[in-house]
Amino acid sequence: MKKVLISTFDLEVGGVERSLLSLLNHFDYESYEVDLMLYKQQGDFLQQLSHKPTLLEEVPEYATFRQTISDTLKQRYFHIGLARLMAKSMASYAGRKKRLEEPGYYQMQLMWKLSLPYLPDLGRTYDVAISYLWPHYFVADKVKAKKKIAWIHTDYSTIDTNTRMDLKMWKNFDHIIAVSEACKTSFIKKYPELSGKVIIMENITSPDLVNTLADHEEAQEMKNDPRTKLLTIARLCHQKGIDNAIKAMKRLRDKGYENVAWYVVGYGGDRGELEKLIRHHGLQDSFYLLGKKTNPYPYLRACDIYVQPSRYEGKAVTVLEAQIMGKPVLITNYATANSQLKHGIDGYITDQGVDGIVQGVEELLSNHTLCNELIKNTKKRSYRNQSEIKTLYQLINQ
């Protein structure tokens, strides 16, 4: 029986975390002994974790990456705390110099790179070690394994990182799994020398589980709202474009769409700014931030149209789940959008930005024939793809 390690940050509510739970739920535990390493054992999805993988004991040094710098220093991890302060300072400087649009990715990259000398090795040896979420420095540098695999969940053409710094890390991996063809293409464009290592494995979905969880008695605020309900499920951050959704809702209201409400399920660091934007546009009665929901599926069932207003994505799990629920789906034209759905067939792709979102929403609100066609086509399609895991087994057993 081969020994497999899978590592990630935590099991907070998010699309990547949901995809990991699906992977773990479909693993062949009779053929593989699986250890799960969470840098911090926290998150609402912990209660949904299968008992079949072995959850390794938390390592305090790695848990600091889910704590503030202040708390890290208070716990006397001075070297790690100082490394994080330096990373924050360097990323902030790059941001001020306009070298980076989103310095947060560069800061995280630096945080790991500068902290590596002060992080312990795992002290175990595996046949295969899998790093499920970037940055992949833990598995690359601190784990002994005959074979190493890293996952790509995002569009690498859109994130600001130091390519040269990460290249050495990537070269430690035998295989790199991308969740879509578009993710693979954007990664290879950034790292052409790694093209031979990249293969595609879609996120595993479970339609039966999605539909079962959707029947739970939640989302009463939406179910009781007689208006046409738009829904977005996303982290409250720059990437997901919730600020553009708020501005688009203001435009829609100005155009006379009084019978429309927009709900957002999710949490994140931008909540305060988004709340200010909602108040600024006087949308308190039509744009709602519902916060974190462990089970978002009743909200999907209650909505009329699902909207993903993102600036960039890898392959959004929530879009696929909305299609499973038979909802008309609107997404912005981020770089990987065409790998997510077929425009006018099982979803609608609109231009990026506020104007595009307004145009797309108006089209779906007014064109009932199109909406019904999108719904019909999603209901025809099979979303059962558990066989995708065979791709991983082939890599493990090569």
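Quick caveat, the model's predicted, so the values are computed rather than measured. Just the heavy atoms: all of them, side chains too, but no hydrogens, waters or symmetry mates, feed the values below.
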| What is the distance from atom OG1 of T161 to atom CG of L110, rounded to the nearest 0.5 Å? | 10.5 Å
| said: Donor-acceptor pair, distance only, cut-off 3.5 Å: does the side chain of Q323 make one with the backbone of P328? | reply: no
| query | Between K223 and E218, is the closest basic N to carboxylate O distance under 4.0 Å? | reply | no
| query | Can K292 and E12 be said to form a side-chain contact (heavy atoms from CB on, under 4.5 Å), step by step? | reply | CA-CA 10 Å; K292 182 193 298 185; E12 290 288 3; 3.1 Å; yes
| query | Does K250 use its side chain to pair, donor to acceptor, with the backbone of L283 at less than 3.5 Å? | reply | no
| message | Would you say NZ of K2 has more than 12 non-hydrogen atoms from neighbouring residues, nucleotides or ligands within 6.0 angstrom? | response | yes
| field | Selection residues 172-182 - residue pairs positive for side-chain hydrogen bond (donor to acceptor under 3.5 Å, both in side chains), sequence neighbours left out | value | H175-Q398
| request: Working to the nearest 0.5 Å, report the span between NZ of K197 and CD1 of I188. | output: 12.5 Å
| said: Does either side chain, that of S186 or that of D155, offer a donor lying less than 3.5 Å from an acceptor on the other one? | reply: yes
| message | I need the single residue from W112, F65, Y62 that forms a ring-ring contact (aromatic ring centres under 6.0 Å, His included) with F138. Which is it? | response | Y62
| field | pair T332-N244: side-chain heavy atoms closer than 4.5 Å | value | no
| task | Mark yes when over 12 heavy atoms from residues, nucleotides or ligands other than K190 sit less than 6.0 Å from its NZ; otherwise mark no. | result | yes
| message | Taking CD in Q220 as the centre, count heavy atoms belonging to other residues, nucleotides or ligands within less than 6.0 Å. Is the count above 12? | response | yes
| request: Taking the side chain as every heavy atom from C-beta outward, state whether L20 and V16 have any atom pair closer than 4.5 Å. | output: no
| message | Could you check whether any side-chain heavy atom of C303 comes within less than 4.5 Å of a side-chain heavy atom of W262, counting everything from C-beta outward? | response | no
| Is it true that a side-chain atom of S92 and a backbone atom of K88 form a donor plus acceptor pair closer than 3.5 Å? | no
| task | Using atom types as modelled and distance alone, determine if a side-chain donor or acceptor of Q41 lies under 3.5 Å from a backbone N or O of L11. | result | no
| task | Please report the C-alpha distance between D141 and K168 in whole Å, then the side-chain angles of each, then the deciding distance to 0.1 Å, and finally whether the salt bridge (Lys or Arg N to Asp or Glu O under 4.0 Å) criterion is met. | result | CA-CA 10 Å; D141 289 85; K168 184 179 178 182; over 6 Å; no
| message | Within this structure, what is the CD1-CZ distance for the pair I246 and R279, rounded to the nearest 0.5 Å? | response | 10.5 Å
| remark: Taken to the nearest 0.5 Å, the spacing of H281 NE2 from K247 NZ works out to 6.5 Å
| request: Take Q239 and R311 through the side-chain contact (heavy atoms from CB on, under 4.5 Å) test and state the conclusion after the steps. | output: CA-CA 5 Å; Q239 172 195 346; R311 290 180 167 90; 5.5 Å; no
| query | Is there side-chain contact between Y39 and R66, with at least one heavy-atom pair below 4.5 Å? | reply | no
| If only atom types and distance count, is the side chain of N367 paired as donor or acceptor with the main-chain N or O of E363 below 3.5 Å? | no
| Validation row: I177, T391 side chains within 4.5 angstrom (heavy atoms) | no
| request: Any pair with a residue in residues 115-138 that passes side-chain hydrogen bond (donor to acceptor under 3.5 Å, both in side chains), sequence neighbours left out, goes on the list, sorted by first then second residue, please. | output: S19-Y132, D35-Y126, D127-K146, S131-H136, W134-D166, Y137-D166
| So does K255 pair up with E362, basic N to acidic O under 4.0 Å? | yes
| note | One should read off an interatomic distance between L230 CG and S286 OG, to the nearest 0.5 angstrom, of 10.0 Å
| Intermediate values then yes/no, side-chain hydrogen bond (donor to acceptor under 3.5 Å, both in side chains), K240 and T232 | CA-CA 9 Å; K240 301 298 182 178; T232 299; over 6 Å; no
| With side chains defined as the heavy atoms from C-beta onward, is the minimum distance between R227 and V260 less than 4.5 Å? | no
| Under the side-chain contact (heavy atoms from CB on, under 4.5 Å) criterion, do N377 and K342 qualify, and how do the steps go? | CA-CA 10 Å; N377 289 333; K342 294 180 180 178; over 6 Å; no
| said: Donor-acceptor check, side chain of Y393 to backbone of D28, threshold 3.5 angstrom: yes or no? | reply: yes
| request: Would you check if the side chain of D270 reaches a backbone N or O of H238 as a donor-acceptor pair within less than 3.5 Å? | output: yes
| task | Apply side-chain contact (heavy atoms from CB on, under 4.5 Å) to the pair T8 and W151, showing each step before the final yes or no. | result | CA-CA 10 Å; T8 192; W151 235 268; over 6 Å; no
| task | Start with the C-alpha distance between E321 and Y297, add both sets of side-chain angles, then the distance that settles side-chain hydrogen bond (donor to acceptor under 3.5 Å, both in side chains), and finish with yes or no. | result | CA-CA 8 Å; E321 291 169 339; Y297 306 115; 2.7 Å; yes
| Is the closest basic N to carboxylate O distance between R253 and D285 below 4.0 Å? | yes
| field | Under 3.5 Å donor-acceptor, R84 side chain and T64 backbone | value | yes
| Got more than 12 heavy atoms from elsewhere within 6.0 Å of CE, M165? | yes
| Between the side chain of S7 and the main-chain N/O of M37, is any donor-acceptor distance below 3.5 Å? | no
| query | Can you check whether L392 reaches L23 side chain to side chain, under 4.5 Å on heavy atoms? | reply | yes
| task | Please determine if K171 and E193 form a salt bridge, counting it only when a charged side-chain N lies under 4.0 Å from a carboxylate O. | result | no
| field | Whether K113 side chain and A87 backbone form a donor-acceptor pair below 3.5 Å | value | no
| request: Provide the full list of ring-ring contact (aromatic ring centres under 6.0 Å, His included) pairs with a residue in residues 306-348, sequence neighbours left out, each pair given once. | output: H343-Y348
| task | Pick out which of R384, K315, K184, K390 makes a salt bridge (charged side-chain N to carboxylate O under 4.0 Å, His left out) with E202. | result | K315
| field | Atom pair CD1/NZ of I345 and K380 - distance to nearest 0.5 Å | value | 9.5 Å
| Under 4.5 Å between any side-chain heavy atoms of V265 and L300, yes or no? | no
| field | NE2 (H26) with more than 12 external heavy atoms under 6.0 Å | value | yes
| request: State plainly whether one hydrophobic cluster holds both V358 and L274, where clusters connect Ile, Leu, Val, Met, Phe, Trp and Tyr through side-chain heavy atoms under 4.5 angstrom apart. | output: yes
| query | Which heavy-atom pair separates I357 from P309 by the least distance, and what is that distance? | reply | CD1-CB, 3.7 Å
| query | Do you see a donor-acceptor pair shorter than 3.5 Å between the side chains of T205 and N385? | reply | yes
| task | Please state whether the rings of F27 and Y32 are parallel, tilted or perpendicular, taking 30° and 60° as the class boundaries. | result | perpendicular
| message | Walk me through whether Q340 and Q308 qualify under side-chain hydrogen bond (donor to acceptor under 3.5 Å, both in side chains). | response | CA-CA 11 Å; Q340 185 89 65; Q308 194 74 38; over 6 Å; no
| task | Assign the ring pair Y191 / F187 to parallel, tilted or perpendicular, where the plane angle (0 to 90°) is split at 30° and 60°. | result | tilted
